[in-house]
Amino acid sequence: MTLCPTDRTTTRPRFQRPHSPPGGRGRFGVAGADLSASISVFLIALPLSLGIALATGAPLQAGLVAAAVGGIVAGRIGGAPLQVSGPAAGLTVVTAELIQRYGWRTTCAITVLAGLAQLGLAALRVARSALAVSPAIVHGMVAGIGVTIALAQLHIVLGGTPQSSAVDNALGLPAQLADPHRTGLAISALTVAVLLLWPRLPGRAGRLLRKIPGALTSVAAATALATIAGLAVPRVDLPSWSSHALPGLPEGPVLGIAAGVLTITLVTSVQSLLSAVAVDKLVAARPDRGHGVPRSRLDRELAGQGAANVVSGALGGLPVAGVAVRSVANVSAGAMTRNSTMLHGLWIVLAALFLVPVIDLIPLPALAALVMVVGIQMVSITHIRSVTRHREVLVYAATLTGVVLIGILQGVALGIVAATAVALHRLAKTRISREDEDGRHRVSVRGQLTFLAVPRLSRALHQLPHGSHVVVELDGSFMDHAAYETLHDWHAAHLRHGGTVEMTGPSGARIAEPAPEAHACCRPWTPWRNHHCGERPADEARGLTGHQLASGIEKFQRNTAPLVRDELARLAREGQRPSQLFLTCADSRLVTSMITSSGPGDLFTVRNVGNLVPLPGEESGDDSVAAAIEYAVEVLQVESITVCGHSGCGAMQALLNSRPDAPQTPLRRWLRHGLPSLERMASREYAWARISGRLPADRVEQLCLTNVVQQLEHLRAYEAVARRLAEGTLTLHGMYFHVGEAQAYLLAGPDEMHRYDDVFDRVPPSLAREEDRVPTREGNDFVPSWEEVRVPAREDEHVPARGEDCVPAHDVEHEPGRVPPREEAHAS
């Protein structure tokens, strides 16, 4: 609805169907990329699901049930659309222990209860808190599980039977190596060889063959050898689905069952959430930068995993979690939506129903070898290097050892204790040293100054002679109340005895002495606010009462200058080399360095009233903007120019309220360069600017957005700019900063390679390109480019005529992807 009367005689633009995303949608609404990705994931999931079921001691059908449920249920409900869920190798040890202790039916019931617990946690919205667990603990847990899996499966590879614990498996390994089952060992060796060598096939043929998953190829090769040679090895035996075991009422000690539920909930939740975060990173690293794929919603993902565990347990399946191997394959295959995950679950169902004779040919040693390699790969060298670099090897080793020797839950608890101990050690590790030279005493404090270091600090300070000059150097980022009080009391006592004290920071920068009267709001580590603190006594002594500028300069010299001095010295030697010209309004609320996270030497900034770019030759008496453009483009060779407008711009309000008979003041003479923006907004030849899928809130915002687009047109009129654009060495960008929302929006134009969600949804016809495609904010579907949008106007919509004072109402909800109607015959 608009604020103008409805004109039913308005010509309605024709409607065209939006284009499909890359890959194209098939007849049933599934993109081709999703279909091919689902097949790739299915080929990996099928042998892995059977192998994990074999490793846990569960019915082999339970692995297929979990894979199907993980794909269909978690894929449909979960918040990570490209994450693939199913039976995970990380749950093998937990599930095997539960089956051995309580039986299969009770384990299924525990899986259902764990799923309900996950649903409860999702309702409490605590998913993100799982990411607070130290990565060293998570990596250690995964590595410990991998070691346990590898030891157990190695016994099956050698033709034996695994024991109940990793310690027993390790102790029994020498005897098993002395008497291996040669046929099973040969099948396993072939499986491992193909699995490891398949990704390294050379040449053009190798690139084609590598498209087939290595897991499937290795198992298929072992199956073919065993079948053709007629080898006597145990094989997969899928019983009839009519005899499939379903869950029963939990039987066993309540505390034991509760511990099992807690363990399943913890492992599946943490693994799934961390995997979802990793999938987001993989999607963002794709060539298309994850265009059209929404980021994971962790609470919804946790709910999806909970629902999948409830269904899987109820149908007699293994516990379900997000699986890294299958998720990586899904992302690498180019999947775009959750359809790929759901289709892979459907293929599992069809295989379990119609490919049973083929599955029954698979040798069990091949599946054991496959899972053994997966377990070994869970001990990641990359993770070990990472924890070593961050000095958390002790936490990693404690968790790994605990998981292998005691159990997963106990190992994680041991890792948490080790992480806490390491953190306390770092917090308490404070070095206090003293140097005396020519009657000058220096006390250096390295590290965090907490109550644990107060006794040593107090002893070092009170050993200093009265009446001496003391320099206290504090090289740390934290000082607690006990240390502050100790330092303040000694400081006051030392001054009373005729001494002098100088406090310095890490680089020798002088800092204020601790005093109760200091204003906490002026401390550099507090959040910035537009505050006005009372004057300090030192300011009054210098006659600077009320001088915020002088106070700010003093804070810069004291706190910031030591940090940037080296960088500014380098810039002074080498000269400035900014990457872009940033042209924005003079409004005091626009802090360019804060908005763009830039520092010295990054931006060549031009500010004026209204972020205006006068056309060449129209700056009478003052060519400052033209000179800045010429200098930036010709001399500094900037790579981009950004025009940034903002909400509530006073210059745009003045343009809207201007009267032809008003006296010509300097402000009015300057604002005449904004009249083309005012004309553009009233013209029917140009589309209304949109911001993030909505119409402008009022006429001022509409003019602010339009002005950014118009000033970009003015930039193109400069000879130097036009030449660099033709050479392809310069790009132009539009930006809008909403002050009240603290949100920046980018204008998608022909000079940008990618599209973003928060952009102006309309660009002028002269800037639009035929191949431009931008995603809507809702879902993963794509809408056509600006010039190709044709939507039928509703009866209550009206196309404003040239010069009409017509803007959309504030409280009107517009359909997703809709744009304001305009004449179909527009300028091109």
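- Within the model, atoms CZ of Arg235 and CG of Leu367 stand 11.5 Å from one another, a figure rounded to the nearest 0.5 Å.
- Atom OG1 of Thr223 is separated from atom CG of Leu231 by 11.5 Å, given to the nearest 0.5 angstrom.
- Between Pro319 and Ser312, every side-chain heavy-atom pair lies at or beyond the 4.5 Å cut-off.
- In this structure, CG on Leu50 lies 5.5 Å from CG on Leu46, to the nearest 0.5 angstrom.
- Taking every heavy atom of both residues into account, Leu185 and Pro180 meet most closely at CD2-CB, 4.3 Å.
- Shown are Ile110, Leu116, Leu98; of these, the side-chain contact (heavy atoms from CB on, under 4.5 Å) with Val261 is made only by Ile110.
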Which side-chain N or O atoms in residues 87-96 pair as donor and acceptor under 3.5 Å with protein atoms at least two apart or in another chain?
unit_1, atom_1, unit_2, atom_2, d
Thr92, OG1, Ala89, O, 2.9
Thr95, OG1, Leu91, O, 2.7

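- Interatomic distance, Cys108 SG to Ile99 CD1, rounded to the nearest 0.5 Å: 8.0 Å.
- Note that OG of Ser275 is 3.5 Å distant from CD of Gln83, once rounded to the nearest 0.5 Å.
- Heavy atoms only, all atoms of each residue included: Gln118 and Thr265 are closest at CG-CG2, 4.0 Å.
- Contact check for Met372 versus Val192: side-chain heavy atoms found under the 4.5 Å cut-off.
- For the 3.5 Å distance criterion, the side chains of Ser269 and Gln305 fail to qualify, holding no donor opposite an acceptor.
- With no hydrogens or angles considered, a side-chain donor-acceptor pair links Thr337 and Asp34 at under 3.5 Å.
- Side-chain polar atoms of Glu301 and Ser272 form no donor-acceptor pair below 3.5 angstrom.
- No donor-acceptor pair closer than 3.5 Å links the side chain of Arg326 to the backbone N or O of Phe42.
- Listed for the Asn309 side chain is no donor-acceptor partner under 3.5 Å among the backbone atoms of Thr111.
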Atom pairs and distances, side-chain donor-acceptor, residues 341-359, under 3.5 Å, sequence neighbours left out:
unit_1, atom_1, unit_2, atom_2, d
His344, ND1, Thr341, O, 2.9
Trp347, NE1, Ser38, OG, 3.0

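- Of all the heavy atoms in Leu298 and Leu273, the pair that sits closest is O-CD2, 3.6 Å.
- In this structure, Glu392 and Ala136 approach most closely via the heavy-atom pair OE1-CB, 3.5 Å.
- Looking at every heavy atom in both residues, Trp104 comes nearest to Gly316 through CZ2-O, 3.2 Å.
- Atoms CD and CG, on Gln61 and Leu318 in that order, are 11.5 Å from each other to the nearest 0.5 Å.
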Side chains of residues 394-421: which donor-acceptor pairs under 3.5 Å do they make with residues two or more places apart or in other chains?
unit_1, atom_1, unit_2, atom_2, d
Thr399, OG1, Val395, O, 2.8
Thr401, OG1, Ala397, O, 2.7
Thr420, OG1, Ile416, O, 2.8

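- With contacts defined as side-chain heavy-atom distances shorter than 4.5 Å, the pair Ser218/Trp198 does not qualify.
- Counting heavy atoms from C-beta on, the side chains of Pro365 and Val157 never come closer than 4.5 Å.
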